[in-house]
Amino acid sequence: MPPAALTLPVPDDYVLARDVCSYGYFLLAPNLWSPHERRFITTLNTSRAAVTLTISQPPRHTRSAKPRSAGPITSARELLSTRGRPLHILPDRPLPPRDERLVRDQLTRMLNLTTTTRDLREFHRLDPRFKPLGRGRLFRSPSFFEDVIKTVTSCNVTWPGTISMNTRLCATLGRRSPTRRHAFPTPQALAAVAPARLRATCRVGYRDARLVDLATRFADGRVDVEWFENPSTPDADLRAALLDLPGVGPYAAHNILQLLGRYDHLPLDTESVRHARNVLSFKGTSRSLMKRIDAHFAPFAPHRFRSYWFELWNFYEARRGHSWTWDPATTGTTFTAAQLKP
DNA sequence: GGTAGACCTGGACGC
DNA sequence: GCGTCCAGGTCTACC
């Protein structure tokens, strides 16, 4: 018997194409956005095995709920035509009730479905530039663990290197689903690898011991995930705890904060400096530009990261087209500073 | 508190 | 095909 499809309700403003293709992690394994099919494919860990999900958002008036091959979205009207429509989810194996709950919980985190329409309205009131397309939700990973590891694999490396590390981590250490796609490694799987083997197989370089150390802390409970995910934990406490993690410095800590839904800190890196020089026409040393760009986005508090990020995103899209049209194998590998020099 | 240098990998480039 | 250079954030030692 073929596996039963699931339906996942979403907030009234939710648009799958726009909101999946809102942060670079949608281009990293085990995620795959297909611009031609207009569907998102990912592989998640459940209680014992992996499951691959094909997710689409059929517009109203579609007789069949099956994802259709319609080519990339070409207009804002077309993009927004699926707004608020429930997601259609096709798993590659039957899901017992417990696994179905795990899948729903992970997708809710990943697609940021708990962000409220009220929260987005507040952001758009502060920064109306992103109201017409309704931008504001940011894609993230199905777990805090995966967000932390992905962030560490994005430090001190060019974007193709980050893509390569995540692809190899999944292929080497991730569980395999029936359709032969691999989930992201669990903390236990990553903690069990010798650093030298991790370096050799996943090409993570000097990050080897740090990644295993991180995974071990998650696996043995020293990292209290519920505390990190708890909205009542103060930002300052979260930041301090993140900086205590191996491989996490100021940039990574601020990036993980935004992935936790805390948008008042900017992860400043060389990309920020490029943006300050090329787009905002600021002048000065890298150090002074970082201070200046931090101050520049102060009026958007507590949504500073959203304003900063979607401004950067607009810059990429002005050169490569809208993110939901990017082919993961070509455009998706070339959208950071070094590749976008005039 | 600030800074210099090491840490790895992969891509670009010159020969 | 080989060697060299460079980009990228964190960590440690040192002042």
Side-chain angles (χ1 to χ4, degrees), chain A residues 23-25 27-29 141 145-173 185 190 193-218 223 236 238-260 265-279 284-294 305 308-309 312-313 315-316 319-320 327-342:
Chain A
Y23 191 68
Y25 290 3
L27 295 162
L28 298 179
S141 299
F145 170 69
E146 188 174 330
D147 271 341
V148 171
I149 299 295
K150 277 188 157 59
T151 298
V152 172
T153 64
S154 74
C155 290
N156 198 31
V157 68
T158 54
W159 183 245
T162 303
I163 293 176
S164 163
M165 281 185 243
N166 280 273
T167 302
R168 289 168 184 265
L169 280 170
C170 292
T172 311
L173 300 170
L190 186 52
V193 188
R197 187 180 155 234
L198 187 67
R199 179 184 295 219
T201 55
C202 300
R203 316 295 295 162
V204 297
Y206 66 89
R207 299 163 196 81
D208 55 359
R210 294 176 194 176
L211 291 172
V212 173
D213 188 356
L214 273 170
T216 306
R217 292 178 192 217
F218 275 84
V223 171
L238 281 178
R239 184 176 182 278
L242 289 168
L243 288 171
D244 273 345
L245 296 176
V248 177
Y251 163 81
H254 291 184
N255 193 56
I256 296 167
L257 279 171
Q258 69 85 6
L259 292 162
L260 287 167
H265 304 265
L266 300 186
L268 297 173
D269 58 1
T270 51
E271 198 67 354
S272 321
V273 172
R274 176 202 55 74
H275 188 73
R277 288 204 174 106
N278 297 351
V279 179
T285 61
S286 294
R287 193 176 177 78
S288 67
L289 288 176
M290 286 199 184
K291 282 186 181 168
R292 199 167 163 196
I293 201 165
D294 199 61
F305 176 77
Y308 162 77
W309 180 254
L312 276 186
W313 211 236
F315 173 82
Y316 302 145
R319 281 150 185 77
R320 292 289 191 272
D327 174 14
T330 54
T331 314
T333 66
T334 64
F335 80 99
T336 51
Q339 307 289 335
L340 287 170
K341 282 175 184 165

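In what follows, every chain begins at residue 1, and chains take the letters A, B, ... in the order their sequences are listed.
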- Message: Using five pairs at each end of the helix from B:dG1-C:dC15 to B:dC15-C:dG1 to define an axis, what is the angle between those two axes, to 10°?
- Response: 30°
- Here the distance between atom P of C:dG8 and atom CZ of A:Arg274, to the nearest Å, is 10 Å
- Out of B:dT9, C:dG9, B:dG2, minimum distance to the side chain of A:Arg199 belongs to B:dT9
- Item | Ring geometry between A:Phe218 and A:Phe145 (parallel below 30°, tilted from 30 to 60°, perpendicular above 60°) | perpendicular
- Residues forming a ring-ring contact (aromatic ring centres under 6.0 Å, His included) with A:Tyr251, sequence neighbours excluded: none
- Item | Whole-Å gap separating C1' (B:dT9) and CG (A:Leu198) | 14 Å
- Task: Name all residues meeting the ring-ring contact (aromatic ring centres under 6.0 Å, His included) criterion together with A:His265; count only those two or more places apart in sequence or in a different chain, and write none if there are none.
- Result: A:His254
- Query: Tell me the salt bridge (Lys or Arg N to Asp or Glu O under 4.0 Å) pairs involving residues 202-211 of chain A, sequence neighbours left out?
  - Reply: A:Arg199-A:Asp208
- Quick one: salt bridge (charged side-chain N to carboxylate O under 4.0 Å, His left out) partners of A:Asp327, sequence neighbours excluded? none
- Mind calculating the distance between CG (A:Asn255) and P (C:dG9) to the nearest angstrom? 11 Å
- Which parts of nucleotides 10-15 of chain C does protein reach within less than 4.0 Å, heavy atoms only, written one letter per nucleotide 5' to 3' as B for base, S for sugar-phosphate only and - for none? SS----
- Query: To the nearest angstrom, how far is A:Ile163 atom CD1 from B:dT9 atom P?
  - Reply: 18 Å
- Message: Nearest to the A:Asp269 side chain among C:dG9, B:dG2, C:dG8, which nucleotide is it?
- Response: C:dG9
- Item | Euclidean distance, A:Ser288 OG relative to A:Arg292 CZ, rounded to 0.5 Å | 8.5 Å
